[in-house]
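Okay, so here's the structure we're looking at.
Every chain is numbered from 1, with letters handed out A, B, ... down the list of sequences. Keep in mind the model is a prediction, meaning the values are calculated, not measured.
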Protein chains: 2
Amino acid sequence: MTAPKVRSPRKPKGQGAERREEILDAALKLFSAKGLHTVSTRQIAEAVGISQPALYAYFATKDDITAELCIRAFAILVERMEAARADFTPTAESFERALRVYVDFGLENPDAYRVAFMVEKGLDGTYKERVGDRPMMAGIGAFQRFAEIVGEVRDAGLTHDDDVQRITQTLWAGLHGLVSLLIARADFPWVEREVLIACHISLLRRGALKGVA
Amino acid sequence: MTAPKVRSPRKPKGQGAERREEILDAALKLFSAKGLHTVSTRQIAEAVGISQPALYAYFATKDDITAELCIRAFAILVERMEAARADFTPTAESFERALRVYVDFGLENPDAYRVAFMVEKGLDGTYKERVGDRPMMAGIGAFQRFAEIVGEVRDAGLTHDDDVQRITQTLWAGLHGLVSLLIARADFPWVEREVLIACHISLLRRGALKGVA
DNA sequence: GTGATAAGTTATCACTGATCGATTATTGTG
DNA sequence: CACAATAATCGATCAGTGATAACTTATCAC
């Protein structure tokens, strides 16, 4: 009953990067299935078909693996945000669609989202020292795209508040609250998810924009 | 330079509960100073002045310690919520004050808040199996008090939405977003904190209540 | 005093992330 | 084809983690 320990064949000389991708793939699958903390480096290595120390040829620490996954996911969010901005018009409907992009991304990439915004940092900055703030910077990149959209509705005179940073941070917090709770507390007796999301987004819209009841 | 290892004198026979309190006190301090994951059971034991296995006479697992801390903190929130409800009148001002109670509690008890709402659960329900959902139930207790307040403004005909559960969950998510981000990402270039909180709360109020601009 | 037992100990386990030094396998070059 | 260079990888091992088992010691009621 001992594990078969199927070893993946050694990579040709220049193809270490390929192994790196395999590690990221395996890690993402395991994290998604079992959660970040419960997955060990040995489990990841076995899934890839290499020894556990071999991981450290490609990543300095375990946290670096999660950080990399997170950065990649946020690159996708930035893309989506830019797409949302491309066909954005300063209307309530378009604004709600933009908010929805954020929510959908979070729910489709729960693990990346966790790493970027929900992983404990340690009050002494331990986490920061370990992985740097690259994952968060990636998240902020998306945040800035979002701020640009908010800027447009502000310039159109639709917002209650004039300060773009202020509105954006507030809206972001509002969106993050929903996403993070739906991820972290999936078994809470939530109202039907689609309804809740729609409800939440229109509440945020009403709170931020004036005129439209 | 080796640790002095000051041992606390053995407790008299019936006074084990007292040691339990000492453990909770020490754990709370350490968690607050260094973060949950970076504090080991050995560190807690040394702070108390007992051996590490002695902890297990009072708590079945490390998670049980954090869970207990969390439950106690939420008992305080319930108290505050009930106080807020006691002198609650269905007005915009009173409503905003109630929202503020939640935010203040979260920021004053960041560690309890983390344990209850931000700690990873493991997608297979691992966390639930370990500590039960008692901490979350404690949080929900507070949530229900909050729902009662929302019910009052609904009954006064002040809300856009009629469904109390729906509004409450939405508002809760909105509040949680701000609190959790301020806790987990304290070094983000936030707008001045007091301003942000005021802004956020009035956005939520505008989104939930009608009439008051 | 004498058991009973609460309170606490030491030793140890399986597991974690991480490091070291040695060992392959593949490669471009002579 | 042989060979040195080196990328890729492994086995052994380390300190630290949460947790358990078996044992000791202080305190209590009688």
Hey, does [X] reach any base, or is it just sugar-phosphate, or nothing, if we go heavy atoms under 4.0 Å?
X	answer
A:F59	nothing
B:A57	nothing
A:V39	sugar-phosphate
A:P12	sugar-phosphate

Expressed as a whole number of angstroms, how long is the span from [X]:[atom1] to [N]:[atom2]?
X	N	atom1	atom2	answer
B:Q43	D:dT17	CD	C1'	11 Å
A:E46	D:dC10	CD	P	12 Å
A:H37	D:dG18	NE2	P	13 Å
B:K34	D:dG16	NZ	C1'	14 Å
B:L55	D:dA19	CG	P	10 Å
B:I50	C:dT10	CD1	C1'	15 Å
B:Y58	D:dG18	OH	C1'	19 Å
B:I23	D:dG18	CD1	C1'	15 Å

Practice problem: Take B:P53 and B:Q15, find for each the nucleotide of DNA chain C with the closest heavy atom, and name the residue whose nucleotide sits nearer the 5' end. | Solution: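 Nearer the 5' end of the strand: B:Q15.
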Going by heavy atoms in the side chains, are [X] and [Y] under 4.5 Å from each other?
X	Y	value
A:V195	B:D163	no
B:W172	B:F143	yes
A:L182	A:F188	no

Within the pair [X] and [N], is there a side-chain N or O less than 4.0 Å away from OP1 or OP2?
X	N	answer
A:K11	D:dA8	no
B:R19	C:dA6	no
B:S40	D:dT17	yes
A:Y56	D:dT9	no
A:T41	C:dG17	yes
A:R7	D:dT9	no

So, under a plain 3.5 Å distance rule, would you say the side chain of [X] forms a donor-acceptor pair with the base of [N]?
X	N	value
B:R10	D:dT27	no
B:Q52	D:dA19	yes
A:R42	C:dG17	yes

Quiz item: Is a side-chain N or O of A:Q169 found less than 3.5 angstrom from the main chain of B:P189, in a donor-acceptor match?
Solution: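 Such a contact is found between A:Q169 side chain and B:P189 backbone.
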Quiz item: When you measure from the side chain of B:A54, which nucleotide among C:dT9, C:dT27, D:dC10 comes out closest?
Solution: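 Among the listed nucleotides, the one closest to the side chain of B:A54 is C:dT9.
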Quiz item: When the nearest nucleotide of DNA chain D is assigned to A:G49 and to B:K62 on a heavy-atom basis, which residue is associated with the more 5' position?
Solution: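 First, find each residue's nearest nucleotide; the 5'-ward one identifies A:G49.
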Quiz item: Applying a 3.5 Å limit to both distances, which nucleotide forms a Watson-Crick or G-U wobble pair with D:dA19?
Solution: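 Across any shown strand, D:dA19 pairs with C:dT12.
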Quiz item: When you check the side-chain N and O atoms of B:Y113 and B:H176, is any donor under 3.5 Å from an acceptor?
Solution: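 The answer is yes; a qualifying pair exists.
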Self-check item: Distance in Å, A:L55 CG paired with A:R42 CZ, rounded so as to fall on 0.5 Å steps
Solution: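 These two atoms lie 10.0 Å from each other.
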